[in-house]
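Notes for the one structure printed next.
The sequence lines fix the lettering, A, B, ..., with proteins before strands; numbering per chain opens at 1.
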Amino acid sequence: MKGIVEIYKGDELISSSQNLVVDGASEVIVDIFSKATTGIRDNAQLSSILDTSNYTIQALSFGKHSGGYEANLHTSGDWLITSGESQPKLTTAGRPYYYVYHSATAVDIFIKPPADPIAPNPIDRVLALNTNNDFGHNINAIQFSSVLGLTAEEALFAGCYAPSEGIDVALSASNTVASGIPATNHKSEYNLNSSMDRNGFINITTGTDAYGKFVTSANTDASTTGEVSYMTKMNGFDLNFLELYGGVYHIGLWALDLDETLQNSGIPPYSNVLATPTKRFKLFAKKTLTSSLTGKDRFGLDNTTGTNPERDLYIIWRVIF
Amino acid sequence: MIDSIANTGLKASITDLLTNSGSRDVADYRISYYKLGRRDNTLDSELYDLETPWVESFYGDDTTVDLVERNNLGAGDASSLAPGSTSNLHAVLPQTNIAYAAGVAKIKFVIDKYPLRAAPLTEMGIFIKNPLGYSDEDKPVMAAYALFDNTPYDGVADPQNILIPVQWVLSFVESE
């Protein structure tokens, strides 16, 4: 069993490398081939546990090393704070917005790299330990601030995806309010498509369109090749946003954690509930990068090209048995 | 201890499960049968069955093993498994004979005294129950295969007086 992670910029393949399969994968697969069914088969309520959908890969997530959650837009230092205010300015004309600045030029935003990269390990259960949340990766706090019980300011510091109603981003060379800075309304495709839950898991959906979604496909000869592909595609707005929060250094592939989900949510079937997720996930494989997936050296970083298809990030994760 | 070979059937079954192409019942993917046999020739590149599975008389009239006739899955067209044309004997593996924890499954069965009097034993296979979900009866596919250089009881003075416990350990790790 192995996995290959391919990263495309538009149509151009810019990276192809092997993932790390973690212990969770072995647990899921061994469960499939050895699951005891006595006492379950004949119970109408419990028999849904045996549906194969409960044993499949179901989510993708992005993250960074733990130090990355204490820098960049996770802290107040990189926000534009208007004179006389103590917090990032959150609303104007009824729409949330923020400015991002750095002392360099507007197009040369410097994202602080994480200070404490740790090599991936097969025993890993999360993408990173000691993050600012319970999940070890980037969460979707701005979209779901109210159900998370966060103030708007707290949600902005938690990150890491633009809400579906949009948020204005302006890259500025100054941390003072300046006129004429072009701001672009950023909307996360994952939130527009209702595919990401509040915990930052992009839940798998049916269909073949990977834009702002997480989907799977297999060729007709998959039984022979043993290859199943998982895909997601994000545009420049999501790229910008993730990079401003410190970039992406880990990608995680997650299977359903059936035991945990049974304990927390009862018997299947489980649907994708984004605001109050019922599913619990088990890390299946992870990909760790030495430079940010969303880094400006790969994709640039500006506030005008969010919808440029040539700049879209396309990830194909090939799992081969 | 010998290493076994993971077979095409295992790869095809897990792929079918992940793509919703096979049975939708996870119980159909359970290791549920095993076979014993004799191989005289070199291994094929794709292995779907034992070369010479034991016939019923090898197990003995008074065997406690539950034996059933099943039609194995083998290579179908380019894209799928397909049932073979003839059925042969499979030993049923009781559910209680599989223990699993922490990503490792241990499959246990015992080869009892009677066959060891005369039956040649140089190959074994374990089989997934019914990965394509046939409704009439199981059509298993071989998941893993083990080949011995010699019959394990060669050199034993009274093989009819010993039992051979088999523990087949399955784990899934990253490959190169």
Side-chain angles (χ1 to χ4, degrees), chain A residues 1-3 18-41 47-58 120 122-123 204 206 216-230 253 255 258 268 282 284-286 319-321, chain B residues 6 8-32 46 73 75-82 93-107 126-129 131-133 141 143-144 168-176:
Chain A
M1 172 173 55
K2 65 179 179 180
Q18 195 161 336
N19 71 185
L20 176 71
V21 175
V22 299
D23 288 352
S26 306
E27 293 167 8
V28 171
I29 296 171
V30 163
D31 215 21
I32 290 167
F33 292 120
S34 51
K35 184 80 177 176
T37 59
T38 305
I40 300 176
R41 163 72 54 237
S47 60
S48 60
I49 292 171
L50 300 178
D51 190 280
T52 52
S53 64
N54 299 316
Y55 302 83
T56 57
I57 290 167
Q58 302 229 352
I123 64 171
I204 201 160
T206 56
T216 183
S217 79
N219 292 331
T220 53
D221 62 350
S223 294
T224 307
T225 62
E227 179 178 317
V228 185
S229 297
Y230 297 89
L253 196 62
L258 182 58
K282 177 179 285 191
F284 189 93
K286 68 189 291 187
V319 178
I320 304 161
F321 293 94
Chain B
T8 305
L10 184 81
K11 176 172 69 177
S13 298
I14 187 68
T15 308
D16 283 348
L17 183 146
L18 290 175
T19 57
N20 289 333
S21 305
S23 170
R24 294 299 306 269
D25 184 345
V26 76
D28 281 336
Y29 294 86
R30 185 182 167 83
I31 304 294
S32 297
E46 285 197 342
L73 296 176
D77 57 28
S79 62
S80 64
L81 299 169
L93 187 72
Q95 289 196 13
T96 51
N97 286 30
I98 303 182
Y100 66 105
V104 175
K106 293 181 179 177
I107 298 155
I126 52 176
F127 289 74
I128 297 167
K129 186 172 185 286
L132 295 185
V141 69
W168 204 309
V169 180
L170 273 186
S171 65
F172 295 85
V173 295
E174 185 155 18
S175 59
E176 293 299 322

*Report the option among B:Thr8, B:Asn20, B:Leu10 that has the most heavy-atom pairs separated by less than 4.5 Å from atoms of chain A.*
B:Leu10
_Distance in Å, B:Arg24 CZ paired with A:Ser53 OG, rounded so as to fall on 0.5 Å steps_ = 5.5 Å
*Best-contacting candidate, A:Pro122, A:Ser34, A:Ala285, against chain B by heavy atom pairs under 4.5 angstrom*: A:Ser34
*Can you name the nearest heavy-atom pair linking B:Leu18 to A:Tyr55, along with the distance?*
CD2-O, 4.1 Å
*Indicate the atoms forming the closest heavy-atom contact of A:Ala218 with B:Thr19, along with that distance.*
CB-CG2, 3.4 Å
*Top contributor to chain B interface from A:Asp51, A:Ile57, A:Thr56 [non-hydrogen pairs under 4.5 Å]*: A:Asp51
*asked:* Quick check on the interface: out of A:Asn54, A:Thr225, A:Asp23, A:Val28, who has the most heavy-atom pairs with chain B under 4.5 Å?
replied: A:Thr225
*Side chain, backbone, both or neither: which part of B:Ala102 has a heavy atom under 4.5 Å from chain A?*
backbone
*Of the backbone (N, CA, C, O) and the side chain (C-beta and beyond), which part of B:Ile98 lies under 4.5 Å from a heavy atom of chain A, both, or neither?*
side chain
*Considering only heavy atoms and a distance below 4.5 Å, find which of A:Ile320, A:Ile32, A:Val228, A:Val319 pairs most often with chain B.*
A:Ile32
*Quick one: pull up CG in B:Leu17 and CD1 in A:Ile29 and give me the separation to the nearest 0.5 Å.*
10.0 Å
*Rounded to the nearest 0.5 Å, how far does OG of A:Ser47 lie from CG of B:Asp25?*
8.5 Å
*Considering all heavy atoms, the nearest A:Thr52-B:Val26 contact*: CG2-N, 3.7 Å
*asked:* So for B:Thr96, is it side chain, backbone, both, or neither that comes closer than 4.5 Å to the heavy atoms of chain A?
replied: neither
_Which atom of A:Met1 lies closest to which atom of B:Phe172, heavy atoms considered_ = CE-CB, 3.9 Å
*B:Tyr29 versus A:Phe33, closest heavy-atom pair with distance*: O-CD2, 2.9 Å
